[in-house]
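The block underneath contains the structure these notes are about, expressed in structure tokens.
Residue numbers begin at 1 in each chain, while the letters A, B, ... track the order of the sequences.
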Number of protein chains: 2
Amino acid sequence: MTSSHIAKKQDLPPTAWAVLGLLSFPGERTGYELKKWADSSLRFFYWSPAISQIYAELRRLEELGYASSARSGPEELRTKRRYAITAAGREALAAWAADTAEAGPPVLKHGLLLRIWLGHLSEPERLRTLVVEHLEHTRGHTRGELAAVREAMAHAAGVPEWAFPALALRWAERRHLAELELAEALLEDLAEAARRERARPEGAERQAGGDAPTPG
Amino acid sequence: MTSSHIAKKQDLPPTAWAVLGLLSFPGERTGYELKKWADSSLRFFYWSPAISQIYAELRRLEELGYASSARSGPEELRTKRRYAITAAGREALAAWAADTAEAGPPVLKHGLLLRIWLGHLSEPERLRTLVVEHLEHTRGHTRGELAAVREAMAHAAGVPEWAFPALALRWAERRHLAELELAEALLEDLAEAARRERARPEGAERQAGGDAPTPG
DNA sequence: TTGCCCATGTAATTTGTTACATGATTTA
DNA sequence: TAAATCATGTAACAAATTACATGGGCAA
């Protein structure tokens, strides 16, 4: 590292900051533990990287001096390697967290909505099924996952360290409810559109109208 | 069709399907047009690829026989190239759209929430500011963008082709409102947490409690 | 005549995933 | 003792972005 490489601070990929963020909580952890933890926290509002990438980011963070690690056994064996955040790492992370411009607007990738948008390709009945399945999955699986996190969180109730993760969890739970309401409203809109379609003059079903001017 | 060649079900990246989806609406379009259109539609519930990637996907789709293109001028000049979906493309896209398993749960990447989760790194005041800025941006900028799309959409009111994009837009608008409510509730939770913090016994502010058992 | 929007593309790079290889420790 | 889970890593690849190169048409 020569002077030409001087500290281009603060432009690490989101994953690096997320991993460093996990390390910013008290205690030392292995990459494996970090992955499991990310799966039950970050995943609900950010995202959980592959385990191989977590190891890669940990190596990078250590190179940057943002994290330090210690093996639990002799070097030759592939023993546990526990990571901890350094003072420099904590400082860099705090600077990043305070940067509002960096955050940008939230990004959503919703496969169901893309399919709705492309509704002209599917049977109306199939479309309805897609939404219903999404509703069921959200009401069942997703809800269960959040409940499990909520329960694990109860242990740490009142511990100031976990106040903010608790806040984020609450947000995720409310978001979960909003997602359900959104899907229910969509289902109604779909039904209404189907009603309107049936009421339309005969013989005019889904032909292409030549060149359309592509609205949103 | 021997069993060794079973179905080889086209598994293309999401971007390819999204681009093909844009092409599935009547009319032929250039890559440039597709990009602008994606920015004002897909972006609100899926995502809008870089222009260079759109060109790359268009090439791939043409190779696969899912799209065809025609130049508007002589080959040597870099003239406009307009793309259209083929019958095979339409069929493949419809199959993909009907595949519920493929969709998976929606993915969210919310920078603000990551920062809230890491709230122990920031001054409470700064944290509040972050949420307020998000609220303002959502109420102003994001809202304006949706309104613009809504207006453009009004042109095509009643045209059956655009019924589903209109449905998706409605979903995006409702989601926008939910996002605002979520942020407002978060602001309240933040204020409440600050009140509780002030009420706590003195001398116990934000020290690390040794090893904590990492709840969610 | 400068600058912006239209329009297409290449190259370099980064980011992230899946598949694979390896072995220790715990639990049924 | 077989299995699942813990644990670390490499290799190959795919996905996606940014930066760059090029040039036409149009409007202030």
Side-chain angles (χ1 to χ4, degrees), chain A residues 5 8 10-20 22 28-40 42-43 46-64 67 69-83 102 104 107 109 111 214, chain B residues 10-20 22-23 28-40 42-43 46-64 67 69-83 102 104 107 109 111 213-214:
Chain A
H5 267 121
K8 259 181 46 171
Q10 204 152 347
D11 86 62
L12 291 170
T15 317
W17 297 113
V19 170
L20 194 56
L22 289 164
E28 302 184 348
R29 290 173 193 85
T30 67
Y32 189 90
E33 286 166 344
L34 255 24
K35 167 61 176 165
K36 279 191 310 172
W37 187 16
D39 281 347
S40 68
L42 302 185
R43 187 164 67 84
Y46 212 64
W47 119 96
S48 191
I51 177 69
S52 64
Q53 204 192 346
I54 287 185
Y55 287 123
E57 295 297 350
L58 284 170
R59 270 191 303 273
R60 162 156 49 181
L61 290 171
E62 188 161 28
E63 250 175 59
L64 287 169
S69 74
R71 293 233 183 226
S72 68
E75 280 288 319
E76 26 282 329
L77 294 178
R78 288 213 298 186
T79 48
K80 278 194 241 198
R81 185 189 279 270
R82 290 183 180 281
Y83 284 84
E102 203 276 351
V107 173
K109 218 170 165 177
T214 60
Chain B
Q10 279 308 343
D11 94 71
L12 291 169
T15 316
W17 297 114
V19 170
L20 194 55
L22 289 164
L23 288 178
E28 303 184 346
R29 287 172 195 85
T30 68
Y32 189 93
E33 286 166 345
L34 255 23
K35 167 59 176 166
K36 279 191 310 173
W37 186 17
D39 282 347
S40 69
L42 301 184
R43 187 164 68 83
Y46 212 67
W47 120 97
S48 191
I51 178 69
S52 64
Q53 204 192 343
I54 287 185
Y55 288 123
E57 296 297 349
L58 285 171
R59 264 185 316 267
R60 162 155 47 180
L61 290 172
E62 188 162 30
E63 251 176 62
L64 287 169
S69 73
R71 293 231 182 228
S72 68
E75 280 288 320
E76 25 283 329
L77 295 177
R78 289 211 298 184
T79 47
K80 277 194 241 197
R81 185 189 281 271
R82 291 182 180 281
Y83 285 84
E102 205 275 351
V107 173
K109 214 167 166 180
T214 60

Mapping B/I51 and B/K109 onto DNA chain C by nearest heavy atom, which one lands closer to the 5' end?
->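 This one resolves to B/I51.
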Do the side-chain N or O atoms of [X] get closer than 4.0 angstrom to the phosphate oxygens (OP1, OP2) of [N]?
X	N	answer
B/R71	C/dA7	no
A/Q53	C/dT15	no
A/W47	C/dT17	yes
A/T79	D/dA7	no

Rounded to the Å, how far apart are [X] [atom1] and [N] [atom2]?
X	N	atom1	atom2	answer
B/K80	C/dC6	NZ	C1'	8 Å
A/E62	D/dT8	CD	C1'	14 Å
A/R82	D/dG9	CZ	P	13 Å
A/I54	D/dT10	CD1	C1'	17 Å
A/K35	D/dG9	NZ	C1'	16 Å
A/R81	C/dA24	CZ	C1'	17 Å
A/E57	C/dT15	CD	P	8 Å
A/D39	D/dC6	CG	C1'	15 Å

State, to 0.1 Å, how close [X] and [Y] come at their nearest heavy-atom pair, and which atoms those are.
X	Y	answer
A/W17	A/L12	NE1-O, 3.3 Å
B/Y83	B/L23	O-CD2, 3.7 Å
B/P49	B/I54	CG-CG1, 3.7 Å
A/G31	A/L58	CA-CD1, 3.7 Å
B/L61	B/A16	CD1-O, 3.9 Å
A/Y46	A/P14	OH-CB, 3.2 Å

For A/R82, salt bridge (Lys or Arg N to Asp or Glu O under 4.0 Å) partners two or more places apart =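 So A/R82 forms a salt bridge (Lys or Arg N to Asp or Glu O under 4.0 Å) with A/E33.
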Under the salt bridge (Lys or Arg N to Asp or Glu O under 4.0 Å) test, which residues partner B/K35, sequence neighbours left out?
->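 Partners of B/K35 under the salt bridge (Lys or Arg N to Asp or Glu O under 4.0 Å) test: B/D39.
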Hey, what are the protein-to-nucleotides 25-27 of chain C N/O distances that come in under 3.5 Å?
none

For B/W37 and B/L22, what are the C-alpha separation, side-chain angles and deciding distance, and is it a side chain to side chain contact (heavy atoms under 4.5 Å, CB included)?
-> CA-CA 8 Å; B/W37 186 17; B/L22 289 164; 3.6 Å; yes
Contact check, side chains of B/T15 and B/Q53, non-hydrogen atoms, under 4.5 Å =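 The answer is yes, as the side chains (C-beta and beyond) meet within the 4.5 Å cut-off.
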Check whether any side-chain heavy atom of A/Y55 lies under 4.5 Å from a side-chain heavy atom of A/Y32, and answer yes or no.
->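 They are in side-chain contact.
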Could you tell me whether the side chains of A/S69 and A/E62 share a donor-acceptor contact shorter than 3.5 Å?
->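 Indeed, the side chains of A/S69 and A/E62 share at least one donor-acceptor pair under 3.5 Å.
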Counterpart residues, side-chain contact (heavy atoms from CB on, under 4.5 Å), relative to A/A56 (two or more places apart) =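 Result, side-chain contact (heavy atoms from CB on, under 4.5 Å) vs A/A56: A/R59.
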What bend angle does the helix from C/dT1-D/dA28 to C/dA28-D/dT1 show across its length, from five-pair end axes and to the nearest 10 degrees?
->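 The end-segment axes of the helix from C/dT1-D/dA28 to C/dA28-D/dT1 are tilted 30° relative to each other.
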At under 4.0 Å between heavy atoms, what does A/R60 touch on the DNA or RNA strands: base, sugar-phosphate, or nothing?
->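 Sugar-phosphate only.
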With sequence neighbours excluded, what pairs up with B/E102 under the side-chain hydrogen bond (donor to acceptor under 3.5 Å, both in side chains) test?
->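 So B/E102 forms a side-chain hydrogen bond (donor to acceptor under 3.5 Å, both in side chains) with A/R115, B/W96.
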Check nucleotides 10-13 of chain C for protein N or O atoms closer than 3.5 Å to its own N or O atoms and list the pairs.
from   : atom 1 : to    : atom 2 : distance (Å)
C/dT10 : OP2    : B/R59 : NH1    : 3.4
C/dT10 : OP2    : B/R59 : NH2    : 3.3

For nucleotides 3-5 of chain C, give me every protein contact, N/O to N/O, under 3.5 Å, one pair per line with atom names.
none

